[in-house]
Colleague: 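My structure is below; once you've seen it, I'll send some questions.
Naming: A, B, ... by sequence-line order, numbering from 1 per chain. Computed from heavy atoms alone, side chains included, the values below leave out hydrogens, waters and symmetry copies. Since we're looking at a predicted model, the values are computed, not measured.
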Amino acid sequence: MDKLVLIDGNSIAFRAFYALPLLTNSSGTYTNAAYGFTMMLMKVLEEEKPSHVLVAFDAGRTTFRHDTYQEYKGTRDKTPGELSEQLPLIKEVLDAFGVRHFELDRYEADDIIGTLAKQGDADGMAVRIVTGDKDLLQLVTDRISILMTRKGVTDAERYDKQAIRDKYGLQPEQIVDLKGLMGDNSDNIPGIPGVGEKTALKLLHQFETVEGVLDHIADLPGKKLKERVEEHQEQARLSKELATIYCEVPLDFSLQDLAYRDIERNRVAPVFKRLEFKTLLDRIQTDEPQQEAKKTKDVPYRQVTNDNAHQWESLLEADELALFVEKTAPNYHRADVLGIALSDGEEQLYVPLETAKEWKALTDWLADENKKKIAYDIKGTQIALRRHGLASAGYDFDVLLASYVINASESGHELSDIVERKLDGSLPEDDAVYGKGAKRKQLEGEELAAHLANKVHALTSLKPVLDDELRTYQLDALFYDLEMPVTHVLTEMEWIGVKVDKRQLRALGDELQERLNELTTTIYQLAGTEFNINSPKQLGEILFDKLGLPVLKKTKTGYSTSADVLERLAPQHEVVEQILHYRQVGKLISTYVEGLLKEMTAAEDKIHTRFQQATTATGRLSSTDPNLQNIPIRLEEGRRIRQVFVPAEPEWVIVSADYSQIELRVLAHLSQDEGLMEAFAKGMDVHTKTAMDVFGVDAEGVTSLMRRHAKAVNFGIVYGISDYGLSQSLNITRKEAAAFIERYFASYPGVKQYMDDVIRQAKTEGYVTTMLHRRRYLPDINSRNYNLRSFAERTAMNTPIQGSAADIIKQAMVEMQRVLQVEGLNSRLLLQVHDELIFEAPQTEVDVLSERVVQVMEGAVELSVPLKVDVSAGKTWYEAK
DNA sequence: ACCCTCACG
DNA sequence: ACGTACGTGAGGGTA
């Protein structure tokens, strides 16, 4: 049977607030009420297992009751700020739980609850009302009962008709009569002075209702009582009216809209993390697996040895096999191979590395491009094998990439995560098998073989499921024609690596270190004390406590000392500028000099980054260990880091080709805005053109300030504009920013129309798409939480732009690799940095390479505006600008 | 493990 | 009244 749980939000929050000490989390936010409320919520959900849930809140201060009685709740103290500021947190928790909450102007939570309780009762549902307010007892029927909080937070007592009879000797409907006679201090309901609970109950037992008592004033015991009742008849009637819950609140939703499903840990966990509900976090994370009692069944396997290998050769004839290569660490450029497993879906083979190397049938199978292979992370698999001298080809399905293409935003794309989502049963997580952190151990023998057998078998089960899903959502072209080919291009890029001039890098490091030492001395002098400049905490104390500089911005944990704050403080104290410079130099040393030195190979002085192809929500790549997509360029001092990136061969050069304004061109294409398309068609400087349109001047009239502002607006448009964001970036007021945005949209109505359309599409479909049909789901787009919703709206505007640009350069990479191959060029693609490709090339090939790369990149897709690519070459990455 | 800060597009 | 520009990864400090 359906069960409806109605929670009196303010009442429970109030109770939690006073039951718990005034806790704060590390950011100084009070969380005790939210914490207690959440405990109560979880307890109720667990114990009642409702099919429908709603939490009702009081809306404003005035309600329809104030129309008849202005003093209603007049004695009540204002809700403390420490409590009211927690109400949004509570609502956030509810959103994460997927529990509806509601409040309505002029009505109290009680009335909303009453209205829905009656509806539920009429529909034959069991109704549970959770509150600390005894008024609600009047709603009890055979099907409606109340969980009344007692002491503490989660301790509650259940009231049904019998319990009310036992306690008061009354029917539930008589609770309002009780209030009518005795009043209620907390709501400032007067009742009849001098009549308390005892007298009221006695009267009601005899005369049943307020009206009954008033009809029999003559029969009342005691002269004083008679007088009081006589005198306060109207007040008693009014008090009863005030205490009566109004059960016909106009609601714009139905009971069916309150349907509640089980909690999704993935949505709740981040909220708990942020609020620092550690115990509750543990509870949701450990509870679930135990409850589900995962059906983990080890699949059978055979271990291949040098002696028995020949027995298994027939398996290698299969049309398609899954291949899983287990590594000793995630970084396959360094890790060793632990073992290899194969599966045809029925039989699993475990082959120790040394056996694999000597088993010719296997090495032939690996290298044969006609022998199809399913793998998880083809790129890592192929490189790990190659490092052990094992060539491999014929990969036709990457489970990792398929999972990513289906839904990039899913919380994890580890094999165990994918199995959890797409198959019944589960795969033990690597962390559980190997242990985590210090407890990590090397597996061997049977244990390792069994684990790998489970993994490789999972690949065979996953492929048909994922392939089917790719086709269902028309993502198969994106997967097979783009992401799969891209992974092969990236394999070669990573494998080749980038050469670094180690001596020069060390020299640069020494020079920077000297500079840093000088800065340190100066800063200590100017500050009058020595401290750790790298510690934002200590730095904050020096700047704001000791030197008394104004606090312009705070972070969750204290003073903000970020660059934009320091820049504004610089005129007030000369130490600030030194600190900014110190930060800059320190970053160069630790991240770039030391960071890069750590990643260089001993044999070749090369760096092999890993391009993550299944990480970003938009379809971009990212780069790790080290990140070669954020090498400094904006400031000259940092830009010099690029001097150490050199060609791997003598007489070769670095060639860089980058798209000019690809995101705004994509926007022009997607929006079909006339003005924007015209700007690109005529080859204009787009920021200047924007300045002309927004400020209504001709090309000569555009000042550098106007262009700077127009440029920021263009950035904002791409990011999903907000007046606040623009005001921050330009250091102007929000009003001024809003005016810019309005003028921009007036000048480019097509862009405005597009932004509205894409948000509307996201709201109705739940996702947005890129030019090559990549999808991004936006679960918060219809959230009632303003912040979540706004964020989703900006994402809806940004993702088709950023994601389509990512699609385009990926397409160009695939085509470029093909062109280099068929034309027999020796030039090699080394890096991709979102809108640019970096090659190393023999000096002799520079001209032909430049010509080809422009052709390929500009022709990667057909847009309504031209794509433009700039190329340059130099002896180092620094000079290729 | 998390926060702050900062490097890139 | 609310509070955020979009997408990333890395290093150092702190709890």
Colleague: Can you tell if the side chain of A/S403 reaches within under 4.5 Å of the side chain of A/H413, non-hydrogen atoms only?
Modeller: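 They are in contact (side-chain heavy atoms under 4.5 Å apart), so the answer is yes.
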
Colleague: Between atom NE2 in A/H834 and atom P in B/dG9, what is the gap in whole Å?
Modeller: 8 Å

Colleague: Would you call A/K735 and A/D723 a salt bridge, taking side-chain N to carboxylate O under 4.0 Å as the test?
Modeller: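 Salt bridge flag = no for A/D723 with A/K735.
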
Colleague: Ring centroids only, cut at 6.0 angstrom: are A/Y35 and A/F277 within range, meaning strictly under it?
Modeller: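 For A/Y35 and A/F277, the ring centres are under 6.0 Å apart.
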
Colleague: Determine the contact category for A/A408: base if any of its heavy atoms lies under 4.0 Å from a base atom, sugar-phosphate if only primed atoms, P, OP1 or OP2 are that close, otherwise nothing.
Modeller: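 Here A/A408 touches no strand at all.
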
Colleague: Which nucleotide, C/dG3, B/dC8, B/dT5, lies nearest any side-chain atom of A/P536?
Modeller: B/dT5

Colleague: Under 3.5 Å, is there any donor-acceptor pair linking the side chain of A/R610 to the base of C/dG9?
Modeller: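 A donor-acceptor contact between them is absent.
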
Colleague: Of the options B/dC6, C/dG9, C/dG7, whose atoms approach the side-chain atoms of A/S622 most closely?
Modeller: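 The listed nucleotide nearest to A/S622's side chain is C/dG9.
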
Colleague: Does A/Q802 contact C/dC6 through a side-chain donor or acceptor facing the base, at a distance under 3.5 Å?
Modeller: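 Donor-acceptor pair under 3.5 Å: yes.
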
Colleague: Looking at the rings of A/Y744 and A/Y748, which for Trp means the six-membered one, are their centres under 6.0 Å apart?
Modeller: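 Aromatic pair counts; centres sit under 6.0 Å.
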
Colleague: State which of C/dG3, B/dC4, B/dC8 makes the closest approach to the side chain of A/K556.
Modeller: B/dC4

Colleague: Has the side chain of A/K587 got a donor or acceptor that lies under 3.5 Å from a partner of the other kind on the base of B/dC6?
Modeller: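 A donor-acceptor contact between them is present.
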
Colleague: Ring-on-base stacking between A/Y724 and C/dT4, under 5.5 Å between centres and under 30° between planes: is it there?
Modeller: yes

Colleague: Would you mind telling me which of C/dT14, C/dG9, C/dA5 lies closest to the side-chain atoms of A/N630?
Modeller: C/dG9

Colleague: Where the side chain of A/I633 is defined as all heavy atoms beyond and including C-beta, which of B/dT5, B/dC8, C/dT4 is the nearest nucleotide?
Modeller: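 Nearest listed nucleotide: B/dC8.
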
Colleague: Of the nucleotides C/dG11, C/dT8, C/dA5, which has the atom closest to the A/A617 side chain?
Modeller: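 Closest nucleotide to the A/A617 side chain: C/dT8.
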
Colleague: Could you state the CD-P distance from A/Q538 to B/dC3, rounded to the nearest angstrom?
Modeller: 20 Å

Colleague: List DNA chain C stems (3 or more consecutive Watson-Crick/G-U pairs, under 3.5 Å)?
Modeller: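 Stems (3+ consecutive pairs) listed as B:1-9 with C:6-14.
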
Colleague: Where each residue is assigned the nucleotide of DNA chain C containing its nearest heavy atom, which of A/N534 and A/S729 is assigned the position nearer the 5′ end?
Modeller: A/S729

Colleague: Identify whether any heavy atom of A/S727 sits under 4.0 Å from a base atom; if not, whether one sits that close to sugar-phosphate; answer base, sugar-phosphate or nothing.
Modeller: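 Counting heavy atoms under 4.0 Å across all strands, no contact is made by A/S727.
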
Colleague: Between B/dC6, C/dG11, C/dA5, which one does the side chain of A/S722 approach most closely?
Modeller: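 Closest nucleotide among those given: C/dA5.
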
Colleague: Taking the six-membered ring of A/F544, is NZ or CZ of A/K546 closer than 6.0 Å to its centre and within 45° of its axis?
Modeller: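 Cation-pi check for A/K546 and A/F544: fails.
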
Colleague: With distance as the sole criterion, do the side chain of A/Y719 and the base of C/dG7 form a donor-acceptor contact below 3.5 Å?
Modeller: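 Under the 3.5 Å cut-off, the side chain and the base do not form any donor-acceptor pair.
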
Colleague: Determine, stepwise, if the pair A/E599 / A/R610 fulfils salt bridge (charged side-chain N to carboxylate O under 4.0 Å, His left out).
Modeller: CA-CA 11 Å; A/E599 298 289 343; A/R610 285 183 298 151; over 6 Å; no

Colleague: For nucleotides C/dA5 and B/dT5, find the distance between their P atoms and express it as a whole number of Å.
Modeller: 13 Å

Colleague: For A/R583, which contact category applies under a 4.0 Å heavy-atom criterion: base, sugar-phosphate, or nothing?
Modeller: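 Sugar-phosphate only.
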
Colleague: Could you please name the option among B/dG9, C/dT14, C/dG9 that lies closest to any side-chain atom of A/S535?
Modeller: C/dT14

Colleague: Nearest to the side chain of A/T618, heavy atoms from C-beta on, is which of B/dG9, C/dG7, B/dA7?
Modeller: C/dG7

Colleague: Would you tell me whether A/R776 and A/T799 have side-chain atoms, one donor and one acceptor, within less than 3.5 Å of each other?
Modeller: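 Distance-only check passes for A/R776 and A/T799.
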
Colleague: When you measure from the side chain of A/E594, which nucleotide among C/dA15, C/dG9, C/dG12 comes out closest?
Modeller: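 Between C/dA15, C/dG9, C/dG12, the one nearest the side chain of A/E594 would be C/dG12.
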
Colleague: Tell me whether A/R506 is salt-bridged to A/E594, with the criterion being a basic N under 4.0 Å from an acidic carboxylate O.
Modeller: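 Judged by the 4.0 Å cut-off on N to carboxylate O distance, A/R506 and A/E594 do not form a salt bridge.
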
Colleague: For A/D807 and B/dG9, give me the distance from atom CG to atom P, rounded to whole Å.
Modeller: 20 Å

Colleague: If I pick the C1' atom on C/dA1 and the same atom on B/dC6, what distance separates them, to the nearest angstrom?
Modeller: 32 Å

